[in-house]
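What follows is one structure encoded as structure tokens, with my remarks underneath.
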Protein chains: 2
Amino acid sequence: MKQKVTLKQIAKELDVSISTVSKALKDSVEISLDTRQKVKAFAKLYNYKPNNIALSLKNRKTKTIGVIIPEIVHHFFTTVIGGVEKVANEKGYNVIICSSNNSFDKEVINMEMLASGSADGFILSVAKETQLKKDYHHIQETMNQGMPVVMFDRIIDEIVCDKVIIDDTKGAQMATNHLLSLGCRRIAILTTVDYISVGKLRTNGYLNALRSYDIVHDDSLILKIEDIDHCEEEIEEFLKDKDIDAVFAVNELFAVNAIKVLRNSGKNVPEEVRVVGFTDGILAKHFIPSLTVISQHGEEMGERAATILIDKLEGSDDLTEEYKTVIIDTSLVERQSTKK
Amino acid sequence: MKQKVTLKQIAKELDVSISTVSKALKDSVEISLDTRQKVKAFAKLYNYKPNNIALSLKNRKTKTIGVIIPEIVHHFFTTVIGGVEKVANEKGYNVIICSSNNSFDKEVINMEMLASGSADGFILSVAKETQLKKDYHHIQETMNQGMPVVMFDRIIDEIVCDKVIIDDTKGAQMATNHLLSLGCRRIAILTTVDYISVGKLRTNGYLNALRSYDIVHDDSLILKIEDIDHCEEEIEEFLKDKDIDAVFAVNELFAVNAIKVLRNSGKNVPEEVRVVGFTDGILAKHFIPSLTVISQHGEEMGERAATILIDKLEGSDDLTEEYKTVIIDTSLVERQSTKK
DNA sequence: TATCCACACGCAAACGTTTTCGTAGCGAAT
DNA sequence: ATTCGCTACGAAAACGTTTGCGTGTGGATA
């Protein structure tokens, strides 16, 4: 079990100095062709690879970007990560992924851990608890230390940094409009509690759409789900005997459960009740009926976020004080759940 | 935008030596109480955090474990990662996740990248291409450099290392037995091509189960799907006019598509055809009918893998030459797709 | 023969830590 | 007055790199 070979060892074997080895490997003209070849042959033989840690220390950068997300077992977030990985790898960056599990404390710990040398910058979607607590000191601090942060999806308005989001309001509006254009008039919405930023925005979009059709919204058609793990019960209770012709759900799971409940109560989707969801995930594609949804283009979000971050990391330090908010287009993916 | 504060800076400010600061922060008795307090106050004020990179370099370990998986947008793998993260964080380890995207080259690149200083050990599920190519030099090499590797799920028999797997054969057998015990006799299997290790094993399990019931298997009931992206077409073609009373699918997607195709051809699941899948993911839980599946207990796999790896990392270097293969129990989760 | 210039290479600092060992200063004991 | 022993601290090496600069060797030139 031979250990990793270092410059020092190569130098010793070949009876030259460390610097000579280093330069030879870089094909420096300072070193004679002869020596260069010898060193390179030796290095290849022993499978020399420069030690990243040492390089990081020397260069004061790690070529690593830290991604912190609320949940790892979550289709949307993993697609975003896919996008991040893609451009990161193209540009020679590593990606460290940590999940906060929606816990504020874990988010702080992860962030501080990565901030103290492991990553050059962050791509972040904040935990539910953080949004609730409104304590953002960890984010502020890492930014103060000069590390760029790009937030996506679950962002924080009060923090000034680069952001990549979708227009949740507009997306929800698009979804609701679609239902309205199909003739639906009694549209229920299954959404989250208000402190979830995206939930609130989507609710707003729903209300906007109704307003644009001069429909007065009916509070009894709005369900704000608290506990996603027991959403089915909540939805069942809510939908019972409700006179509706459509449902807009702010995520896949709500949509699927709505369909389930509706079907159990004898209502067919899409014939009697149309359903639109949010997030184009596995369920949306494979459920029967397949779901009409607003797609968030997660991979593109990841790509954009990574691009912005890397640009900032490699940019000329100075004019970095400009922050932009990129809004990714959403699109309506029509499937069976709203077909005539 | 103040930069991160280092020992050196604190030392300078307080007009003491670097070593004094370091010791003071560690509450060394060598340092007077007075100085200790002064240093600590200063450090807290400036939010001093030791630089991980420097520590890694000094200690020759990174306290980071590298996870390489074939796909990041994949429910099973993310649950495994969840498990890994859980125990890693408990034990003060960081987790770097890289996806190989089922590409051999990317697997090699990621592995070498992480091996050169970024991680102390690996948790690995190999890419499809790697299994096909049978080129394992990168894994061998990192092991030769003294870095422990734990493989899970998609493992390589030829490589001697710790492994965490399920008994795919047994799981498939359990699934098939379940169908047999319900009275099904013409059971089709939707599986993968043979070079996918888990696919082959599951196929074997299916055959074993049939054999134990003295049923001669019928090759025309076996479909080895090549291209997962177009599995629906393949399944449709395969299932057309086939006289069967059950389907065993080696993953969720195949199962769901089978149900879809069956339903389109007028056959009801579970009434006329029973279906069992593999992997207890989102689709299995929420599809209608919900899927009876073999659960692989991904989180537990991750936890076990991480535990083994960390034990090896912190173990007394010497007796590390023992490798174990942990077999995680599978379980049958009965749902609607096989209900009477 | 003395001077000069390439050439080819080595020295040393730096990145931020930790830790071993050395030592200045000082009060007390002989 | 000398030595001892303690307290409180500093110097330096080490981890593995990169790189600016210094330098010895040799041949060519004057």
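Chain A is the first sequence line, chain B the second, and so forth, proteins listed ahead of strands; every chain is numbered from 1.
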**OP:** Go along nucleotides 18-27 of chain D 5' to 3' and tag each nucleotide: B for a protein heavy atom under 4.0 Å from its base, S when only backbone or sugar atoms are that close, - otherwise.
**Re:** BBBB------
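The local environment of CZ in R154(B) is crowded, with over 12 non-hydrogen atoms from other residues, nucleotides or ligands closer than 6.0 Å.
At a non-hydrogen distance threshold of 4.0 Å, S32(A), T35(A) from residues 32-41 of chain A come into contact with DNA chain C. Taken residue by residue, residues 112-120 of chain A places no heavy atom nearer than 4.0 Å to DNA chain C.
In this structure, L14(B) places its CG atom 14 Å from C1' of dC9(D), rounding to the nearest Å. Between D27(A) atom CG and dC9(C) atom P the separation is 13 Å, expressed in whole Å.
Using modelled atom types, no side-chain atom of T20(A) and backbone atom of V16(A) make a donor-acceptor pair closer than 3.5 Å. Within the 3.5 Å criterion, the main-chain N or O of P70(B) finds no donor-acceptor partner in the side chain of N101(B). Judged by distance alone, with hydrogens and angles left aside, the side-chain atoms of N52(A) form a donor-acceptor pair with the main-chain N or O of M113(B) at under 3.5 Å. Using a distance-only test at 3.5 Å, with no hydrogens or angles considered, no donor-acceptor pair links the side chain of S22(B) to the main chain of I18(B). D162(B) places a side-chain N or O within donor-acceptor distance of the main-chain N or O of K324(B), the cut-off being under 3.5 Å.
For F76(A), there are no ring-ring contact (aromatic ring centres under 6.0 Å, His included) partners at least two apart in sequence or on another chain.
Contact annotation: the side chain of Y48(A) approaches that of L25(A) to within less than 4.5 Å [non-hydrogen atoms, C-beta and beyond].
Sorted by first then second residue, the salt bridge (charged side-chain N to carboxylate O under 4.0 Å, His left out) pairs that include residues 46-69 of chain B, not counting sequence neighbours, are E112(A)-K49(B), K63(B)-E314(B).
Side-chain contact check for S100(B) and S103(B): no donor-acceptor pair (N or O, by modelled atom type) lies under 3.5 Å. S197(A) and Q131(A) form a side-chain donor-acceptor contact under 3.5 Å, judged by distance and modelled atom types alone.
For the helix from dT1(C)-dA30(D) to dT30(C)-dA1(D), the angle separating the two terminal helix axes comes to 100°, with each axis derived from five pairs and the value rounded to 10°.
Among the nucleotides dC9(D), dG10(C), dG16(C), the one closest to the side chain of L57(A) is dG16(C). Of the candidates dG16(D), dC15(C), dC9(D), the closest approach to any side-chain atom of R60(A) belongs to dC15(C).
A salt bridge does not link K4(A) to E141(B): none of the charged nitrogens lies less than 4.0 Å from a carboxylate oxygen.
Toward the 5′ end of DNA chain D lies the nearest nucleotide of V21(B), the other residue of the pair V21(B) and A54(B) mapping further downstream.
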**OP:** Would you please test T79(B) and E299(B) for side chain to side chain donor-acceptor pair (under 3.5 Å) and show each step?
**Re:** CA-CA 5 Å; T79(B) 58; E299(B) 188 162 359; over 6 Å; no
